[in-house]
2 protein chains.
Amino acid sequence: MKLATYKDGSRDGQLVVVSRDLSTAHYATDIANQLQQVLDDWNFISPQLQDLYDALNRVSETPSSVGLARHAFPFDPLQCMAPLPRAYQWAGSSAYVNHLALLRQASGLELAQNFSTEPLMYQGASDNFSGPCDALPCASEAQGIDFEAQVAVITGDVPLGASPAQALDGIRLVLLANQLNLRHLMATELSTGFGFIQSKPVAAFTPVAVTLDEFGYSADSAWNKGRLNLTLQCNWNGRKVGRCEAGPEMTFHFGQLITHLCKTRQLRAGTLVGSGPVSNQDASRGYSCIAEKRALETIQDGQPSTAFMQFGDTLRIEMKGRDGASVFGAIEQEIVPLESVATKRVATARQAGAGSS
Amino acid sequence: MKLATYKDGSRDGQLVVVSRDLSTAHYATDIANQLQQVLDDWNFISPQLQDLYDALNRVSETPSSVGLARHAFPFDPLQCMAPLPRAYQWAGSSAYVNHLALLRQASGLELAQNFSTEPLMYQGASDNFSGPCDALPCASEAQGIDFEAQVAVITGDVPLGASPAQALDGIRLVLLANQLNLRHLMATELSTGFGFIQSKPVAAFTPVAVTLDEFGYSADSAWNKGRLNLTLQCNWNGRKVGRCEAGPEMTFHFGQLITHLCKTRQLRAGTLVGSGPVSNQDASRGYSCIAEKRALETIQDGQPSTAFMQFGDTLRIEMKGRDGASVFGAIEQEIVPLESVATKRVATARQAGAGSS
């Protein structure tokens with residue numbers, strides 16, 4: 001099934017069930033108001049959502065059928081917050097070692113000895129995720145604004161010390177993410193050893209998160225043993241910049257990432273784990289973050305020629321299923337100057353004031 | 001006012017208001033069920049809690065008075081979860097530069113050039129906090145089990161780019177924390193630059209969190225401009241090991257820590273910020289984490305003589321006000337082997353099974 005969260009002015013939004021083809025939606029109000037509630041009590045609540053999802057798909061295919069889905073409406077990604085608008089945990093990774101190797105080589109750094117056995121992971125900010133079509137306000141273009149298109153999963157409870165196989169059982173939903181990066185703030189933070197506080201300010205997510213059964217259970221299913229074997233499409237200012245395969249070159253699959261994360265502690269329901277930028281050795285497939293393109297340029301030409309993002313730049317991140325249809329909907333974001341957000345807020349307040357006077 | 005969260009079998013527990021002297025408590029049920037709700041809507045909800053708190057203090061002082069607090073009961077820290085049992089953000093710091101300097105010196109490392117102008121902070125795990133009297137299960141004594149006794153604050157919303165003065169306005173509650181550390185896993189994680197995933201598995205908090213007005217508003221108040229001028233008491237296996245002053249040597253006050261955290265992003269309500277281990281230059285005041293004691297020994301004798309914690313070790317962290325009374329209640333924890341928790345869980349399940357058969 002496919003789940004989304006609609007904006008309603010609250011911090012957590014309203015849970016909606018979305019039809020497989022992303023055409024129609026239905027509030028899940030009588031079942032659960034927020035996705036976190038569903039994750040907290042998955043075995044009890046998710047079958048009820050599944051019934052609504054099945055009814056909704058019938059409406060979407062045969063508009064005369066109604067059943068449970070009597071208040072279906074056209075699905076609009078513009079109304080979406082992140083499926084989990086705020087979460088108790090967001091752990092990012094660098095699971096495609098090709099990406100890591102290129103960035104280190106370009107910086108003249110060696111890979112750690114255990115780079116292929118121990119995944120690199122960081123604890124990310126999760127108090128304020130960005131919706132799929134929300135603008136990304138940045139203070140300055142000089143900070144080196146970059147995206148990181150990736151696959152992410154949302155887990156249920158995972159016990160301390162879970163094996164990769166057990167960890168895979170803990171995965172409830174899959175979605176795509178865009179981790180905003182401020183590259184010029186990163187070297188200082190890496191040098192502290194303490195991780196990223198300012199250089200990875202916010203992550204955005206696709207309109208819908210999807211349960212694993214959507215991908216089927218055969219040996220050649222798109223979701224297979226913790227890897228999603230589909231192509232990640234990445235457009236920057238309307239130009240195709242990335243068509244990377246997310247599956248085969250994911251050095252650490254999601255089960256392994258989660259095992260690394262829960263080695264000394266249990267994980268609670270609603271934990272988000274990101275793969276890090278999808279990266280392929282075949283450079284003709286493009287890139288899922290600008291830093292990787294610049295690393296390639298540096299290795300080839302001695303210096304990067306592609307600039308980081310500027311205000312007004314747009315981004316589109318999407319993944320098509322084997323039927324050619326969008327699986328998660330698209331992340332479509334614009335980089336905007338921080339002041340414009342503040343100005344807009346003042347203008348809106350003035351308008352509201354004028355209206356009421 | 002003083003707020004706590006009682007265990008009720010749910011993930012978030014039940015909000016209770018606790019009297020100033022920590023003797024009595026009252027469920028806040030008619031006002032709010034969880035602390036996060038209060039933080040989400042502080043200006044509307046907190047005055048109602050204040051009324052209940054005032055009534056409760058009258059009951060506690062004059063047992064015949066009742067008023068709003070008609071269902072008061074004796075406060076029991078054993079029933080407490082962390083005031084926020086799970087949170088959307090936990091950012092730890094190393095705000096006492098003395099601590100940092102000693103650890104680096106003992107490791108033969110130099111301090112970063114900006115160590116006195118840029119605070120060291122990390123994004124910590126916040127999906128599963130430990131209650132004040134909960135056991136701390138650890139997989140192995142060989143991981144270098146250590147505590148970190150510290151002061152922490154809980155914020156409301158803080159805008160991107162807030163100044164230290166604005167950041168101080170965003171602080172809603174103060175409490176104490178114990179960050180569990182697995183020291184022998186730390187060097188590897190520091191070397192990645194990506195921060196702590198396995199070596200800081202869980203944080204625990206005092207029974208109550210306290211609003212700033214409890215400390216008064218005079219020029220010599222205990223809470224003054226982002227620093228808490230009281231003594232942090234730290235007992236390990238019943239021995240006094242730390243009596244450090246939390247105020248004067250806090251290199252970066254909480255306003256400065258929050259400013260560092262919100263430089264490139266806004267912070268949402270319910271963000272927890274920790275000071276890192278309280279540390280004084282006067283070594284006779286003892287220590288708030290074993291690593292610092294070991295660093296001192298290494299500097300003096302060439303090697304550490306104090307071992308890290310073992311299973312069965314106990315810890316007590318508390319702070320007294322100027323009236324000699326406990327401000328937050330005490331963190332009282334025991335280090336237990338992970339297997340004992342699993343065994344106890346099986347035993348409890350068996351008992352429950354036997355009871356129902």
Side-chain angles (χ1 to χ4, degrees), chain A residues 10-12 36 40 86-94 112 114 118-128 137-139 143 157 159-161 180 182 185-202 260-271 338 341-342, chain B residues 10-12 36 40 86-94 112 114 118-128 137-139 143 157 159-161 180 182 185-202 260-271 338 341-342:
Chain A
S10 76
R11 293 170 187 266
D12 296 304
Q36 183 64 48
D40 285 347
R86 50 181 178 173
Y88 297 109
Q89 180 154 243
W90 162 235
S93 315
S94 189
N114 61 359
E118 287 285 308
L120 263 184
M121 297 186 74
Y122 63 90
Q123 204 78 37
S126 58
D127 60 318
N128 189 34
C138 292
Q143 292 175 333
D157 292 325
L160 191 160
L180 183 68
L182 302 173
L185 305 184
M186 201 163 278
T188 309
E189 297 206 311
L190 279 169
S191 74
T192 68
F194 274 42
F196 313 107
I197 286 286
Q198 299 174 345
S199 59
K200 290 182 179 283
V202 69
H260 183 81
L261 192 58
C262 72
K263 193 182 167 191
T264 60
R265 54 183 164 117
Q266 59 174 318
L267 311 180
R268 301 311 301 270
T271 291
L338 190 58
V341 182
Chain B
S10 76
R11 293 171 187 266
D12 295 304
Q36 184 64 48
D40 284 348
R86 50 181 179 174
Y88 297 108
Q89 180 154 245
W90 162 234
S93 315
S94 189
N114 61 358
E118 286 286 307
L120 265 183
M121 296 186 75
Y122 63 90
Q123 204 78 39
S126 59
D127 60 318
N128 188 34
C138 292
Q143 291 174 335
D157 292 325
L160 192 159
L180 184 67
L182 303 172
L185 306 184
M186 201 163 278
T188 309
E189 297 205 313
L190 279 169
S191 75
T192 67
F194 274 42
F196 314 107
I197 286 287
Q198 298 174 345
S199 58
K200 290 184 180 284
V202 69
H260 183 82
L261 192 58
C262 72
K263 192 182 168 192
T264 61
R265 54 182 165 116
Q266 59 172 320
L267 311 180
R268 301 312 301 270
T271 290
L338 190 58
V341 183

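A, B, ... follow the sequence lines: proteins, then strands. Residue 1 opens every chain.
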Undergrad: Can you confirm whether B/Arg11 sits close enough to A/Asp157 that some side-chain heavy atom of one is under 4.5 Å from a side-chain heavy atom of the other?
TA: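 Counting from C-beta outward, B/Arg11 and A/Asp157 do come under 4.5 Å.
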Undergrad: Does a side-chain heavy-atom distance below 4.5 Å link A/Arg265 with B/Asp127?
TA: yes
Undergrad: Could you tell me if the side chain of A/Leu180 sits less than 4.5 Å from the side chain of B/Thr264, heavy atoms only?
TA: no
Undergrad: If you count heavy-atom pairs under 4.5 Å between each of B/Pro159, B/Ser191, B/Gly124, B/Cys262 and chain A, which one has the most?
TA: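 The answer is B/Gly124.
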Undergrad: Can you measure from CD (B/Gln36) to CZ (A/Arg86) and round to the nearest 0.5 angstrom?
TA: 5.0 Å
Undergrad: What distance do B/Lys263 atom NZ and A/Ser199 atom OG have between them, rounded to the nearest 0.5 Å?
TA: 11.0 Å
Undergrad: For the pair B/Tyr88 and A/Tyr88, name the ring-plane relationship: parallel under 30°, tilted 30 to 60°, perpendicular over 60°.
TA: parallel
Undergrad: If you count heavy-atom pairs under 4.5 Å with chain A, which of B/Leu120, B/Val202, B/Leu160 comes out on top?
TA: B/Leu120
Undergrad: With a 4.5 angstrom heavy-atom cut-off, could you sort out which part of B/Leu185 is near chain A: side chain, backbone, both or neither?
TA: side chain
Undergrad: Quick check on the interface: out of A/Gln143, A/Gln198, A/His260, A/Glu189, who has the most heavy-atom pairs with chain B under 4.5 Å?
TA: A/Gln198
Undergrad: Side chain, backbone, both or neither: which part of B/Thr271 has a non-hydrogen atom closer than 4.5 Å to chain A?
TA: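 Interface part for B/Thr271: side chain.
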Undergrad: Checking A/Thr188 against chain B: side chain, backbone, both or neither under 4.5 Å from a heavy atom?
TA: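 It is the side chain, since no backbone atom gets that close.
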Undergrad: So for B/Ala87, is it side chain, backbone, both, or neither that comes closer than 4.5 Å to the heavy atoms of chain A?
TA: backbone
Undergrad: Are side-chain heavy atoms of B/Asn128 and A/Gln89 found at a separation under 4.5 Å?
TA: no
Undergrad: Heavy-atom distances under 4.5 Å only: say whether B/Leu182 touches chain A with side chain, backbone, both or neither.
TA: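 Contact with chain A involves the side chain of B/Leu182 alone.
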Undergrad: To the nearest 0.5 angstrom, please state how far the CZ atom of A/Phe194 sits from the CE atom of B/Met121.
TA: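 The CZ atom of A/Phe194 sits 10.5 Å away from the CE atom of B/Met121.
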